[in-house]
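Step one of this worksheet: look at the structure below.
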Amino acid sequence: MTKKKTKKKRFDPLFHFFRHPLSPFGHPTLVRLTIALAGLVWLAGAAFAFEPAGRAQNSSGSHAHDYVIFVTVFTDRGFALTGARARVRRSEEKKFRWEAMSDHQGELAFRVPQGAEYEMTIEARGFKTQTRKIDAREDNQADLTIRMEPLTEPQTEKGTGGKP
């Protein structure tokens with residue numbers, strides 16, 4: 001007579017928690033039920049995460065009354081200027097409140113409160129600093145294109161070792 005080998009049941013610590021000795025469900029059924037329950041929780045969270053459009057605009061933290069300043073900065077040759085630093089302040093203030101750097105396309109943007117006059121200063125290495133006035137009392141956005149002027153270097157005479 002030969003003995004028949006019996007397989008030992010493997011202990012699965014992850015799903016052993018969900019199994020009850022009197023449970024009529026097997027392991028695959030419990031796995032499917034757990035995945036389905038997780039999916040339903042995710043869908044419910046996604047459904048309640050978004051506010052209705054009308055309610056979001058009327059809330060106190062909305063940006064409905066903001067003024068958007070879009071700026072594109074170019075070099076004197078017409079290429080996009082990366083890394084230009086722009087700072088914005090109210091005209092009557094001394095301290096700059098908003099600051100941004102231009103991206104690889106030379107673009108940057110600010111969101112400021114409507115109903116005031118602003119002053120924007122743009123600086124870049126090797127270029128003259130430029131200042132623009134922005135009136136944010138009428139519209140809701142401004143699109144600015146700025147062409148930076150290079151710094152003029154003093155002319156040197158040949159043969160003087162770089163001295164003027």
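What's counted below: heavy atoms across the whole structure, side chains too, no hydrogens, waters or symmetry copies.
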Qualifying residues under salt bridge (charged side-chain N to carboxylate O under 4.0 Å, His left out), relative to D103, sequence neighbours excluded: none
Could you pull out all donor-acceptor pairs under 3.5 Å where a side-chain atom in residues 79-89 meets a protein atom, sequence neighbours excluded?
| residue | atom | partner | partner atom | Å |
| --- | --- | --- | --- | --- |
| R85 | NE | E99 | OE2 | 3.2 |
| R89 | NH1 | K94 | O | 2.9 |
| R89 | NH2 | E119 | OE2 | 2.7 |

Side-chain heavy-atom pair M120, L144 within 4.5 angstrom cut-off: yes
Residues clustering with F74 (ILVMFWY side chains joined when closer than 4.5 Å, directly or via others): none
Residue list, side chain to side chain donor-acceptor pair (under 3.5 Å) with E149, at least two apart or on another chain: none
Pairing residues for R77 by the salt bridge (charged side-chain N to carboxylate O under 4.0 Å, His left out) criterion, not counting sequence neighbours: none
Pairing residues for D143 by the side-chain contact (heavy atoms from CB on, under 4.5 Å) criterion, not counting sequence neighbours: F70, Q141
Residues that R147 engages under salt bridge (charged side-chain N to carboxylate O under 4.0 Å, His left out), provided they are two or more places apart: none
Approximate separation, where rounding is to 0.5 Å, of T131 OG1 and E123 CD: 8.5 Å
From CD1 (I69) to CZ (R111), nearest 0.5 Å: 11.5 Å
Straight-line distance of T72 OG1 to L108 CG, nearest 0.5 Å: 7.5 Å
All pairs passing ring pair (Phe, Tyr, Trp, His ring centres under 6.0 Å) where residues 90-144 contributes a residue, at least two apart: W98-Y118
Fellow cluster residues of L37, listed by chain then number, with links counted only when side-chain atoms sit under 4.5 Å apart: none
Rounded distance (nearest 0.5 Å) linking atom CD1 of I134 with atom CG of D139: 12.5 Å
Atom pair CE/CG of M148 and D76 - distance to nearest 0.5 Å: 10.0 Å
Spacing of E117 atom CD and E92 atom CD [to the nearest 0.5 Å]: 8.5 Å
Under 4.5 Å side-chain linkage, directly or through intermediates, the cluster mates of V41: none
V68 with I146, same ILVMFWY side-chain cluster at under 4.5 Å: no
Partners passing salt bridge (charged side-chain N to carboxylate O under 4.0 Å, His left out) against K95 (at least two apart in sequence or in another chain): none
Residue pair I122 / T129, side-chain heavy-atom distance below 4.5 Å: no
Other ILVMFWY residues reachable from W42 by side-chain steps of under 4.5 Å: L43
